[in-house]
Number of protein chains: 2
Amino acid sequence: MESGRTEPSRTELSRREQIYRVAGRLFSERGYHATSMRDLAAELGIQGGSLYAHISGKEELLSEIVQRAARQFDEALFSLRTEDLTPQERLREAMSRHLTVIAENMETATVFFHEWKHLSQEPLAAVITWRDGIEAFYRELIAEGVEAGVYRTGLNIKMAANLVLSSVNWAYTWYRPGGQLSPQDVAASFEQMLLSGLEQPVPARPMQEEN
Amino acid sequence: MESGRTEPSRTELSRREQIYRVAGRLFSERGYHATSMRDLAAELGIQGGSLYAHISGKEELLSEIVQRAARQFDEALFSLRTEDLTPQERLREAMSRHLTVIAENMETATVFFHEWKHLSQEPLAAVITWRDGIEAFYRELIAEGVEAGVYRTGLNIKMAANLVLSSVNWAYTWYRPGGQLSPQDVAASFEQMLLSGLEQPVPARPMQEEN
DNA sequence: CCTACCGATCGGTAGG
DNA sequence: CCTACCGATCGGTAGG
């Protein structure tokens, strides 16, 4: 359990993590380009140039933050594909986990949604591929439910997936982690509204006796 | 119909408009801080310093673009409050107009949603007030429908408004103006799913004869 | 609208 | 991790 001499020391490891964490916060608050390496260093109590002992450059920070966010979504969601659940359970669970990732990483999520366009070619392409994958994932969830007969037959699967993704992704703009609502509460509320609709259901015919 | 000498000439007016328009495009593509005044000038075929004959500074550009976006939403939506419509019609119409504003001004909308945080105190406060007003507007639309008995009685009005706003706002990330879907198509699809739900309605009892 | 310039600040490096 | 520095670029201005 003792760490060897040639590995990065514990303090250096945590320093690098500190840098990523503070960078995530500053990028989310001020934006990537409006955050200078000296701003970042000052928050850590070191000089600007000292950062380069731990990281290779500014874009590595953005790239790492965005990739971590994508990985968190992947880890939370893709295992769902093989779990034995009804379509509604699967959708509810996906929304719940998706919202949880955002709610527990509001800063990272904000950077993810706002700054990914500033990545260089390679990580940029990776993000676009990732996004396509997530969209396909939700379309599959919906299509599965339509095939099982639990969702409306005429449903536009692409638009339905779009609607679900809108509802969970937009949470990064309004969710407040310390508040009364847990991510699960939000997911339950959204899912209930999305599945059953906002409208008072019109009974097929006037209510008769309760069975 | 002839313009007087003391008014800004037609070319100067259109120059200022050109600046706003190009700035909107560049800010949406690269972000506010990653767009330099020289980038902007180059797109217009002039020197960087020449911009300051037409505008007071970089932030004026952002402020103007954001304020115009807010005004467009206001003009499209707030007249709805006094129009004589059923709650569902009113909600549908609000979503349709909201989406239309975004769809017809994708660049401005992108700047609006991504860069408003970089405004200075005064315009920043105005945007926050605007956002609160829009949220209140949608909550009113929903509450109205609940009171009229057309939306579910137990509906969480705040969450429902949140869901509606998510669906329309997120469109700035995926809508493609040249595509097959008009904003009205999207609004109709979203509204139908939101009101009636994704789920196949379970009839209260097995289908009997029609009517 | 241009030329020429300002001070400030940027990301990053050398050498210790 | 610091000092001292690099060239590049920033938003903006003076004077024409």
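Residue numbering restarts at 1 for every chain, and letters A, B, ... go by the order of the sequence lines.
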Sugar-phosphate only, base, or nothing, as touched by B:Thr35 at under 4.0 Å among non-hydrogen atoms: sugar-phosphate
Touch class at under 4.0 angstrom, heavy-atom based, for A:Gly57 against every strand present: sugar-phosphate
Terminal contacting nucleotides, 5' and 3', DNA chain D versus chain B (heavy atom, 4.0 Å): D:dC10 to D:dT13
Each stem that DNA chain C is part of, given as range with range (3 or more consecutive Watson-Crick or G-U pairs, under 3.5 Å): C:1-16 with D:1-16
Between A:His114 and A:Tyr172, ring centroids under 6.0 Å: yes
Contact nearer the 5' end of DNA chain C, comparing A:Ala34 with A:Gly48: A:Ala34
Test item: B:Met193 and A:Asn156 side chains (from C-beta on) under 4.5 Å apart, heavy atoms: no
5' priority, DNA chain D, between A:Gly45 and A:Arg38 [closest heavy atom]: A:Gly45
Side-chain donor or acceptor of B:Arg152 paired with backbone N/O of A:Ser196 under 3.5 Å: yes
State, to 0.1 Å, how close [X] and [Y] come at their nearest heavy-atom pair, and which atoms those are.
{"X": "A:Met106", "Y": "A:Tyr175", "result": "CE-O, 2.8 Å"}
{"X": "A:Thr153", "Y": "A:Val146", "result": "O-CG1, 4.2 Å"}
{"X": "B:Thr35", "Y": "B:Leu26", "result": "OG1-O, 3.4 Å"}
{"X": "A:Phe190", "Y": "A:Met95", "result": "CB-CE, 3.7 Å"}

Full working for side-chain contact (heavy atoms from CB on, under 4.5 Å) between B:Phe112 and B:Phe73: CA-CA 11 Å; B:Phe112 183 71; B:Phe73 283 115; 4.2 Å; yes
